[in-house]
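Comments concern the structure below.
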Amino acid sequence: MGKILIAYYSRRGENYWNGSIRNLAKGNTEVVVEKLKALLPDADVYHIDTTYEYPKDYYECIDQAKQELREQARPELRNELDGIDGYDTIILGYPNWWGTMPMVVYTFLESFDFSGKTIIPFCTNEGSGMGSSERFIKREAPTATVLGGVSIHGAEAAHADAQVRTIISNSAFASEFSPF
């Protein structure tokens, strides 16, 4: 079995959380990634991030995210990954922004050849589920096997153990990994 890469985008600070705005020390997606890493200690973790900071104010941030979506922007990656050749499986996590992934996740997907790779998406959200992100992952990585995504309610990320087990059990390495 090849190595596993957990690649994710997560936003700390002001976030929509159970109907109100809350300041989060860790983004919801990052909380889920920590759970995955605890169960998959040999996996590598890559934080997909932009070279710039989004506005601290939640509403200003979502306005900027909406503008990036309209423009089909491809934000530059802060810390580029050397490559994905050594990985068979990529667990891809992100929040649902305007029905899809943050545009920097598109940048990540367009930066590599995913031929022969398995991508397992998961998405944190406050009720909008996976949106259209699975379709777009398949479009951006057409030579990869993209498994069905796992939707995680962001406000429940700290207690998303069942969803984390689903991510692992639906994966290409499930037969070699049985922590349950």
Side-chain angles (χ1 to χ4, degrees), residues 1-11 27-30 32-54 64-125 128-152 163-177:
M1 175 181 80
K3 285 191 64 93
I4 301 159
L5 175 66
I6 303 169
Y8 75 100
Y9 175 81
S10 190
R11 181 173 183 273
N28 296 321
T29 307
E30 183 178 5
V32 175
V33 167
E34 289 176 351
K35 289 179 168 298
L36 283 163
K37 181 63 176 165
L39 293 174
L40 301 169
D42 293 334
D44 291 336
V45 176
Y46 172 66
H47 181 208
I48 300 168
D49 201 5
T50 59
T51 57
Y52 55 85
E53 297 292 325
Y54 283 99
Q64 182 174 338
K66 187 179 209 178
Q67 183 65 28
E68 288 178 356
L69 178 60
R70 273 193 218 117
E71 295 173 357
Q72 291 296 293
R74 295 300 188 262
E76 186 178 341
L77 294 170
R78 179 181 303 257
N79 298 312
E80 289 193 38
L81 191 62
D82 288 336
I84 61 168
D85 290 343
Y87 302 102
D88 288 337
T89 303
I90 293 89
I91 299 173
L92 182 63
Y94 47 88
N96 183 324
W97 281 11
W98 297 108
T100 189
M101 307 169 286
M103 298 313 289
V104 72
V105 178
Y106 286 83
T107 303
F108 170 76
L109 289 169
E110 292 172 358
S111 296
F112 300 103
D113 177 5
F114 287 88
S115 295
K117 311 291 183 200
T118 298
I119 300 175
I120 306 163
F122 76 89
C123 175
T124 57
N125 60 83
S128 50
M130 297 296 293
S132 57
S133 64
E134 291 167 293
R135 179 169 46 96
F136 289 121
I137 292 169
K138 290 175 182 176
R139 184 188 74 193
E140 299 301 325
T143 58
T145 299
V146 180
L147 300 182
V150 177
S151 173
I152 299 171
Q163 291 93 335
V164 168
R165 286 192 297 274
T166 298
I167 293 167
I168 292 170
S169 66
N170 288 347
S171 69
F173 51 86
S175 63
E176 297 183 32
F177 178 77

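Just so you know, these numbers come straight off a predicted model, no measurement behind them.
- Between the side chains of Asn96 and Ser133, no donor N or O sits under 3.5 Å from an acceptor N or O.
- Taking both residues in full, the closest heavy atoms of Gly129 and Cys123 are given as O-SG, 3.5 Å, listed atom of the first, atom of the second, then distance.
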Stepwise side-chain contact (heavy atoms from CB on, under 4.5 Å) test for Leu109 and Phe136: CA-CA 10 Å; Leu109 289 169; Phe136 289 121; over 6 Å; no

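- Here the OH atom belonging to Tyr46 is positioned 4.5 Å from the CG atom belonging to Leu77, to the nearest 0.5 angstrom.
- Under the 4.0 Å criterion applied to side-chain N and carboxylate O atoms, Glu30 and Lys37 are not assigned as salt-bridge partners.
- No donor-acceptor pair closer than 3.5 Å links the side chain of Thr89 to the backbone N or O of Ile4.
- Note: Ile120 CD1 to Ile167 CD1 = 8.0 Å, rounded to the nearest 0.5 Å.
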Can you give the donor-acceptor pairs under 3.5 Å from side chains of residues 137-149 to other protein atoms, not counting sequence neighbours?
from   : atom 1 : to     : atom 2 : distance (Å)
Thr143 : OG1    : Ser115 : N      : 3.2
Thr143 : OG1    : Ser115 : OG     : 2.9

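- Note: Ile90 CD1 to Thr118 OG1 = 8.0 Å, rounded to the nearest 0.5 Å.
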Chi angles and distances behind the side-chain contact (heavy atoms from CB on, under 4.5 Å) call for Phe122, Val164: CA-CA 9 Å; Phe122 76 89; Val164 168; over 6 Å; no

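- Pairs of residues two or more places apart, or lying in two chains, that qualify as salt bridge (Lys or Arg N to Asp or Glu O under 4.0 Å) and include a residue from residues 64-75 are Arg74-Glu110.
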Stepwise side-chain contact (heavy atoms from CB on, under 4.5 Å) test for Ile168 and Leu36: CA-CA 8 Å; Ile168 292 170; Leu36 283 163; 4.1 Å; yes

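- Scored by the side-chain contact (heavy atoms from CB on, under 4.5 Å) test, Thr50 finds Tyr52, Tyr54, Pro75, Val104 as partners (sequence neighbours excluded).
- Atoms OG1 and CZ, on Thr107 and Phe112 in that order, are 11.0 Å from each other to the nearest 0.5 Å.
- Within the model, atoms CZ of Phe114 and CZ of Phe108 stand 4.5 Å from one another, a figure rounded to the nearest 0.5 Å.
- Rounding to the nearest 0.5 Å gives a distance of 12.5 Å between CG of Asp42 and CG of Leu39.
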Audit row: Asp44, Lys3, side-chain contact (heavy atoms from CB on, under 4.5 Å) steps and yes/no: CA-CA 8 Å; Asp44 291 336; Lys3 285 191 64 93; 3.1 Å; yes

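- You'll find the side chain of Arg11 reaches within 4.5 Å of the side chain of Trp97, heavy atoms only.
- The shortest non-hydrogen separation linking Pro121 to Met130 is CB-CE, 4.1 Å.
- The side-chain contact (heavy atoms from CB on, under 4.5 Å) with Ile91 is formed by just one residue from the set Leu5, Ile119, Leu40; it is Leu40.
- Side-chain atoms of Tyr9 do not come within 3.5 Å of backbone N or O of Thr29 as any donor-acceptor pair.
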